[in-house]
Peer 1: 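Dropping the structure in here first, questions after.
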Amino acid sequence: MKHGLTRKFVGAFALVVLLSVLILNFFVGLRLKNYFEVKTAERLRSNAILISNILRDDMAARDRQAIQEMTAELARSLEVRITIIGSDGRVMADTAQIPGEMDNHSERLEMKRAMHGGTGESIRYSDTLQYSMKYVAVAVESGGTVVGFVRLALSLEDLEQQIQVIYRTVLIGGLVAFVCVLVVGTIITRGIITPITEMTEVAQAISRGDFSKRLKVKSTDELGVLAQSLNSMADELRLTIDDLRRMDKVRTDFVANVSHELKTPLTSIRGFIETLEDGALEDKANARRFLAIIKKHANALSNITDDLLRLSELESVEARIERAPFDLRALVEEVASGFALALEEKGQELVKSLKGDDFTVEADRQRMEQVMLNLVDNAINYSPAGSRIRVAVELADGVFKISVEDNGPGISREHLSRVFERFYSVDKARSREVGGTGLGLSIVKHTVLMHKGEISMDSKLGRGTTVSFTLPKS
Ligand SMILES: Nc1ncnc2c1ncn2[C@@H]1O[C@H](COP(=O)(O)OP(=O)(O)OP(=O)(O)O)[C@@H](O)[C@H]1O
Ligand SMILES: [Mg+2]
């Protein structure tokens with residue numbers, strides 16, 4: 001996959017660059033060749049004019065000796081073939097051949113043109129030199145008459161070679177550019193493809209349900225933003241999945257707990273009913289005892305179902321609290337007197353500490369009563385005989401702080417964080433003994449939270465436990 005895209009990109013790059021280089025080369029080469037040819041012709045012409053100026057007097061005087069010496073010297077420095085021709089077409093000097101052995105030149109095309117217009121050019125195969133030449137001839141005038149011609153010739157082979165050099169240079173330049181573009185193009189493409197490949201891997205991992213992979217965000221460009229989004233999507237998905245799993249576990253645990261809590265008293269009830277059926281019914285005294293036990297378990301069942309109903313009602317979306325002003329002090333007194341008998345039986349003492357004079361609060365009285373009953377019930381149940389329980393209420397900044405404190409056995413740290421969970425009890429056997437199901441504190445917590453209050457539990461092993469919660473005055 002990785003190589004697929006890189007190859008496609010670089011292939012396309014290469015094709016475009018190669019085409020550009022070839023087209024550029026073609027036009028630049030053509031233009032340069034043309035320019036070179038024009039320049040060469042111009043150079044030959046200006047050199048011919050220069051030479052004619054130098055030789056004008058000698059040509060007028062027909063001084064062959066002087067003309068030949070000068071011509072040879074000039075040809076060396078100019079690197080062209082120079083031919084000096086008389087006005088009659090006879091060759092007076094030539095740097096390639098002996099003038100005496102050469103034909104009359106008046107019929108040569110460039111000469112004819114020069115005779116008519118002063119300058120003439122032609123390209124022709126030279127029999128003498130055996131290759132194509134470029135010829136440029138200019139007429140030399142002295143005192144109003146043509147005294148002869150200066151003709152320069154350059155081998156086209158040289159010209160061709162020089163053009164080839166130019167072509168090759170341009171081509172090499174183009175190829176170097178091509179290679180550079182390929183290298184740079186590959187690097188750039190890799191820079192884009194690599195992050196995409198990494199993102200694909202993460203996305204594939206997510207689709208497999210693996211949310212652990214994360215991308216390194218290296219840039220702030222579109223790819224960086226995309227990587228960032230993928231990361232937060234993975235985070236979000238992981239949280240959601242974790243939540244769903246936890247909720248699912250809570251649900252299955254809950255069902256298991258409910259079943260278990262219901263099963264214990266039911267088993268017991270069935271056992272005693274069977275005993276009665278098997279004959280115990282005749283034994284009046286025992287029968288009454290068994291019936292009392294059955295009644296106790298039936299009550300426990302009814303307590304559990306009541307608690308469950310209350311809890312599901314609190315948890316339901318439509319759960320409503322009926323706020324109305326009532327006196328918190330009166331509620332505390334009521335709850336305390338309700339427990340008077342239980343306290344007396346265990347030889348425990350309940351101390352009330354209510355500071356201030358305004359105890360009017362706007363809340364759901366019935367539910368708050370439930371909360372207080374649960375907390376005092378726990379304090380009585382889990383503390384030993386003869387202990388002391390303290391209920392305190394104080395108002396600060398429009399918020400009541402209510403606490404129930406005991407000097408019972410306390411709760412260890414590991415259990416403390418879990419006692420608000422449904423069905424959680426520190427000591428199952430002990431809880432069952434006192435008739436608890438572990439729902440009390442979760443109902444308390446829900447109720448307090450619904451009143452926009454906060455709840456906490458503070459406990460020291462062997463010292464005692466304090467449950468405190470807040471309740472906004474209105
Ligand atoms: N004041 C306390 N001192 C020591 N342990 C306590 C105290 N209050 C609660 N606990 C522990 O926390 C557990 C949970 O309490 P919670 O009130 O939720 O359930 P419960 O009392 O067992 O049953 P329920 O209140 O539903 O009848 C209890 O089982 C008990 O082990
Ligand atoms: Mg309880």
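These numbers come from the heavy atoms of this one structure, side chains and all, not from hydrogens, waters or symmetry mates. As the structure lists them, so they are numbered: ligands from 1, and atoms in each ligand from 1. Each residue takes its place number in the sequence, starting with 1. On a predicted model such as this, the values are computed, not experimentally measured, just so you know.
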Peer 1: Tell me whether the rings of F423 and F254 are parallel (<30°), tilted (30 to 60°) or perpendicular (>60°).
Peer 2: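 Because their plane-to-plane angle lies in the 30° to 60° range, the rings of F423 and F254 count as tilted.
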
Peer 1: Output yes when E121 and K134 qualify as a salt bridge under the 4.0 Å nitrogen-oxygen rule, no when they do not.
Peer 2: yes

Peer 1: Check the angle between the aromatic planes of F272 and H297 and answer parallel, tilted or perpendicular using the 30° and 60° thresholds.
Peer 2: parallel

Peer 1: Side-chain contact, heavy-atom cut-off 4.5 Å: E277 with L281?
Peer 2: no

Peer 1: Nearest heavy atom to atom 23 (O) of ligand 1 wins, so pick from G440, P409, G438, S442.
Peer 2: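 Looking at heavy atoms only, the winner is G438.
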
Peer 1: Considering I380, N378, D406, which one's heavy-atom position lies nearest to atom 1 (N) of ligand 1?
Peer 2: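 Among I380, N378, D406, the closest heavy atom to atom 1 (N) of ligand 1 belongs to D406.
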
Peer 1: What part of V426, side chain, backbone, both or neither, has a heavy atom within less than 4.0 angstrom of ligand 1?
Peer 2: both

Peer 1: Please report which non-hydrogen protein atom sits nearest to atom 6 (C) of ligand 1, along with the residue it belongs to and the distance in Å to one decimal place.
Peer 2: I411 CD1, 3.5 Å

Peer 1: Strictly below 4.0 Å, N to O, side chains only: are D248 and R245 in salt-bridge contact?
Peer 2: no

Peer 1: Report the part of D377 in contact with ligand 1, treating N, CA, C, O as backbone and CB onward as side chain, heavy atoms under 4.0 Å; options are side chain, backbone, both, neither.
Peer 2: neither

Peer 1: Quick one: look at T437 and ligand 1, take heavy-atom pairs under 4.0 Å, and tell me if it's side chain, backbone, both or neither.
Peer 2: both

Peer 1: Hey, are E42 and R45 close enough for a salt bridge, meaning a charged N less than 4.0 Å from a carboxylate O?
Peer 2: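 Here E42 does not pair with R45 in a salt bridge, since their nearest N and O are not under 4.0 Å apart.
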
Peer 1: In the protein, what heavy atom is nearest to atom 16 (P) of ligand 1, and what distance, to one decimal place, separates them?
Peer 2: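 Its nearest protein heavy-atom neighbour is L441 N, 3.6 Å.
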
Peer 1: Judged on heavy-atom distance to atom 22 (O) of ligand 1, which of F423, Y424, Y382 sits nearest?
Peer 2: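 Considering heavy atoms of F423, Y424, Y382, the nearest to atom 22 (O) of ligand 1 sits in Y382.
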
Peer 1: Measure D307 to ligand 1 on non-hydrogen atoms and call it side chain, backbone, both or neither using the 4.0 Å cut-off.
Peer 2: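 The answer is the side chain of D307.
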
Peer 1: For atom 27 (O) of ligand 1, what is the closest protein heavy atom, and at what distance to 0.1 Å?
Peer 2: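 Ranking protein heavy atoms by distance from atom 27 (O) of ligand 1, first comes G436 CA, 3.2 Å.
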
Peer 1: Look at D235 together with R214 and state whether they make a salt bridge at an N to O cut-off of under 4.0 Å.
Peer 2: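 R214 and D235: salt-bridged.
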
